[in-house]
S.K.: 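Can you keep this structure in mind? I'll have questions shortly.
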Amino acid sequence: MTMLNTQAISKKLEILFDYYQLNASAFADKIGVQRSSLSHLLSGRNKPSLEFIMKIVEAFPEVDLYWLVTNKGSFPKSDAPAPTQLPQETTTQKPVEPMNTVAAETKSSQNSSTVSADLSIEKVMIFYKNGTVKSYQYKE
């Protein structure tokens, strides 16, 4: 059984600090650990726990668990999902007029008898109270 090399973990943490442009305090805050815990780990006083390692992997999806713990794998992950797999997002900053919900419900109930069998979703729009609109377009 191989023990974790705390010096190697410390060097990899330095790589992560540089990559994400974070100092040790901001990094500790981002992964949800006490700053002193990270400081003790970086100084070699403490060894990283499994919980600590998993918090890094959860907070930073580009970090390969095997790269972090062993010398296998790569950083950033080569198998990270490509952004093209996510829905396309469009943001509009124009103010949006509030919709009359009573009129919309009435119109909806009138059209309920003529609903088509093809109910596939083409586009989803989210309207925020601050007037921002986000639109998500389905791509095949």
S.K.: Counting distance only, does the side-chain N/O of S37 pair as donor-acceptor with the main-chain N or O of V33 below 3.5 Å?
M.R.: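 Such a contact is absent between S37 side chain and V33 backbone.
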
S.K.: Taking the side chain as every heavy atom from C-beta outward, state whether V63 and P76 have any pair of such atoms under 4.5 Å apart.
M.R.: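 Sidechains of P76 and V63: no contact.
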
S.K.: Are the side chain of S49 and the backbone of F52 linked by a donor-acceptor contact shorter than 3.5 Å?
M.R.: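 Such a contact is found between S49 side chain and F52 backbone.
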
S.K.: Distance alone, cut at 3.5 Å: any donor-acceptor contact between the side chains of E14 and Y19?
M.R.: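 No donor-acceptor contact under 3.5 Å links the two side chains.
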
S.K.: Take T70 and L65 through the test side-chain contact (heavy atoms from CB on, under 4.5 Å) and record every step on the way to the result.
M.R.: CA-CA 8 Å; T70 67; L65 174 65; over 6 Å; no

S.K.: Work out which heavy atom in R35 is nearest to a heavy atom in D29; give both atom names and the distance.
M.R.: NH2-OD2, 2.6 Å

S.K.: The test is side-chain contact (heavy atoms from CB on, under 4.5 Å); show your working for W67 and V57 and say whether it passes.
M.R.: CA-CA 11 Å; W67 171 80; V57 173; over 6 Å; no

S.K.: If you round to the nearest 0.5 Å, how far is CG of L41 from CG of L13?
M.R.: 6.0 Å

S.K.: Please round to the nearest 0.5 Å and tell me the distance separating atom CG of N46 and atom OG of S39.
M.R.: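 Here the interatomic distance stands at 9.5 Å.
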
S.K.: Inspect the contact between K72 and D64 and indicate whether a charged nitrogen and a carboxylate oxygen are less than 4.0 angstrom apart.
M.R.: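 Not counted as a salt bridge, because no side-chain N and carboxylate O are separated by less than 4.0 Å.
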
S.K.: Quick check: closest heavy atoms across F60 and K30, and the distance to 0.1 Å?
M.R.: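 Smallest heavy-atom distance, with atoms named: CZ-CG, 3.4 Å.
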
S.K.: For atom OH of Y66, decide whether the heavy atoms of other residues, nucleotides or ligands shown that lie under 6.0 angstrom number more than 12.
M.R.: no

S.K.: Going from CG on L68 to CD1 on I56, what distance comes out if it is rounded to the nearest 0.5 angstrom?
M.R.: 5.0 Å

S.K.: Report the distance from atom NZ of K11 to atom OG1 of T6, rounding to the nearest 0.5 Å.
M.R.: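 Separation between the atoms: 10.5 Å.
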
S.K.: Using the ring of each side chain (for Trp, its six-membered ring), is F27 parallel, tilted or perpendicular to F17, with breaks at 30° and 60°?
M.R.: perpendicular

S.K.: Can you tell me how far the NZ atom of K55 sits from the CG atom of L50, to the nearest 0.5 Å?
M.R.: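 These two atoms lie 11.5 Å from each other.
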
S.K.: Please report the shortest heavy-atom distance between V69 and I9, naming the atom on each side.
M.R.: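 Looking at all heavy atoms of both residues, the shortest contact is CA-CD1, 4.3 Å.
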
